[in-house]
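Values in this document were obtained by computation on a predicted structure and should not be read as measured data.
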Amino acid sequence: MTALDLDELTAIDVHTHAEISASGHPSLSPELSAASAAYFKVRGAREPAIPEIAAYYRERKMAAVVFTVDAEHATGHPPIPSEEVAAACAEHPDVLIPFASVDPWRGRAGVRLARRLVAGHGVRGFKFHPSLQGFAPNDRMAYPLYEALQELGVPALFHTGQTGIGAGVPGGGGIRLKHSDPMLVDDVAADFPDLTIILAHPSFPWQDEALAVATHKPSVHIDLSGWSPKYFPPQLVRYANTLLKDKVLFGSDYPVITPDRWLADFAELDIKPEVRPLILKDNAARLLDLDKSDA
């Protein structure tokens, strides 16, 4: 299998989920998975295995960042191992880019794991879901992990805003939305200025806060996953077109939102022609340090 070729790609999706392992183990408990499916109005199968994800994106001449979420401390549900995600992505290097997830509650063991995942498994970044993982991003408990990621030179992608996980379940499944306020990530950006950060999703109800953080902190970017572009707040579209045109990234949230749907709605958005390729591919290629050396 050939490696990723930027010239052949039409887009880079920086936000897709591995939701089932090779052995059939799901990334979420049945209760939380059902709540997420209901929230996103997903019908039918929604758990493609990683080889299926690769085939889907290869057919569309796109690359995809793939990750799962390690939230075992808060949920009690064992994660899909990031080692498995990385190994499966390595079998499809022409289209898949592996990210990992390490629960910050793992402490020093988590720091050692993060280092192994980068050095030994080719991981290119890390996903955090503060609400699901049950921690505030600016909790000093997580700082040794951020310090390692900054030293390793890999980005940290933080879920921000409301989440469909736990939506409609009594008590929201115990998931607290306050942990996904992007202003908490502002502290991380201030304390780790060389750590590349991606704020995932339009950050409802904190969209203005996310735009402020991304404008103020050079290391902070925004991905546009989890929403159809036709629902984007007008200020997000305005900033994506102007001040943040080099810091906004295409992401779908596949499989709950498909890139087909996202791109169809994005085509109708009032985005300048010269900005579209930045959002769809160029910004991600630069941020992830993808170039012809990967080919």
Side-chain angles (χ1 to χ4, degrees), residues 1-27 45-70 79-102 114 116-129 149 152-157 159 196 198 200 221 223-226 249-263 279-295:
M1 187 68 67
T2 59
L4 185 149
D5 184 346
L6 277 178
D7 292 336
E8 292 296 318
L9 297 177
T10 61
I12 299 171
D13 185 340
V14 301
H15 198 116
T16 78
H17 290 267
E19 295 197 338
I20 194 163
S21 74
S23 65
H25 176 69
S27 63
R46 63 180 294 270
E47 295 183 337
I50 291 177
E52 296 174 78
I53 296 174
Y56 181 92
Y57 280 87
R58 188 177 294 117
E59 181 181 351
R60 288 156 178 78
K61 295 186 176 180
M62 299 179 195
V65 169
V66 183
F67 46 71
T68 187
V69 178
D70 177 2
I80 298 171
S82 288
E83 295 90 338
E84 178 181 330
V85 173
C89 288
E91 295 179 1
H92 305 277
D94 59 319
V95 290
L96 300 186
I97 302 162
F99 270 34
S101 180
V102 172
R116 289 199 304 273
L117 287 166
V118 173
H121 298 273
V123 162
R124 305 291 290 259
F126 286 76
K127 165 66 182 288
F128 296 93
H129 196 309
L149 303 191
L152 292 164
V154 294
L157 187 152
H159 171 94
T196 297
I198 304 170
H221 305 72
D223 89 32
L224 300 175
S225 66
L249 313 164
F250 161 47
S252 67
D253 219 7
Y254 182 79
V256 294
I257 294 179
T258 67
D260 291 348
R261 176 190 175 189
W262 194 99
L263 289 168
I279 293 174
L280 292 178
K281 184 173 77 168
D282 296 346
N283 292 341
R286 184 183 65 255
L287 184 150
L288 297 174
D289 198 25
L290 303 174
D291 55 35
K292 293 182 174 58
S293 67
D294 292 318

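For the pair F126 and F67, the minimum side-chain heavy-atom distance is 4.5 Å or more. You'll find the side chain of F99 reaches within 4.5 Å of the side chain of R124, heavy atoms only. Counting heavy atoms from C-beta on, the side chains of N283 and H221 never come closer than 4.5 Å. Between L4 and I97, some side-chain heavy-atom pair lies under the 4.5 Å cut-off. In this structure the side chain of T68 never reaches within 4.5 angstrom of the side chain of E19, judged on heavy atoms. A 4.5 Å side-chain heavy-atom check between I12 and M62 finds every atom pair outside the cut-off. Here the side chains of E47 and P26 are in contact, with some heavy-atom distance below 4.5 Å.
Atom OG1 in T10 sits 8.0 Å away from atom CG in L280 (nearest 0.5 Å). Note that the CG atom of D13 and the CD1 atom of I257 stand 10.5 Å from one another [nearest 0.5 Å]. The CZ atom of R286 sits 8.5 Å away from the CG atom of L249 when rounded to the nearest 0.5 Å. Note that the CD1 atom of I198 and the CG atom of L287 stand 5.0 Å from one another [nearest 0.5 Å]. Between T16 atom OG1 and L96 atom CG the span is 7.5 Å, to the nearest 0.5 Å. The distance from atom OG of S82 to atom CZ of R116, rounded to the nearest 0.5 Å, is 11.0 Å.
A donor-acceptor contact under 3.5 angstrom links the side chains of D253 and H17, judged on distance only.
In plain terms, the two heavy atoms of I50 and C89 that are nearest each other are CG2-N, 4.2 Å. Summarising the geometry of A200 relative to L157, their closest heavy-atom pair is CB-CD2, 3.6 Å, with the distance given to 0.1 Å. Closest heavy-atom contact between V154 and G125: CB-CA, 4.1 Å. When all heavy atoms of A22 and E84 are compared, the closest pair comes out as N-OE2, 2.7 Å. In plain terms, the two heavy atoms of A156 and F128 that are nearest each other are CB-CE1, 3.8 Å. In plain terms, the two heavy atoms of E91 and P93 that are nearest each other are C-CD, 3.4 Å.
Evaluation of the side-chain hydrogen bond (donor to acceptor under 3.5 Å, both in side chains) rule for D70 yields R106 as partners, not counting sequence neighbours. Every residue meeting the side-chain hydrogen bond (donor to acceptor under 3.5 Å, both in side chains) condition with S225, not counting sequence neighbours, appears here in chain and number order: H15, H201, D223. Every residue two or more places apart in sequence or in another chain that forms a ring pair (Phe, Tyr, Trp, His ring centres under 6.0 Å) with Y254 is listed here: Y56, Y57.
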Derivation of the side-chain contact (heavy atoms from CB on, under 4.5 Å) call for V102 and L117:
CA-CA 10 Å; V102 172; L117 287 166; 4.0 Å; yes
Check the pair I53 / V95 against side-chain contact (heavy atoms from CB on, under 4.5 Å), numbers first and verdict last.
CA-CA 9 Å; I53 296 174; V95 290; over 6 Å; no
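Classification of D260 and R60 as a salt-bridged pair holds, one side-chain N sitting under 4.0 Å from a carboxylate O.
Counting only distance, with no hydrogens or angles, the side chain of K281 and the backbone of L6 share a donor-acceptor pair below 3.5 Å. The closest donor-acceptor contact from the side chain of E52 to the backbone of A49 lies under 3.5 Å.
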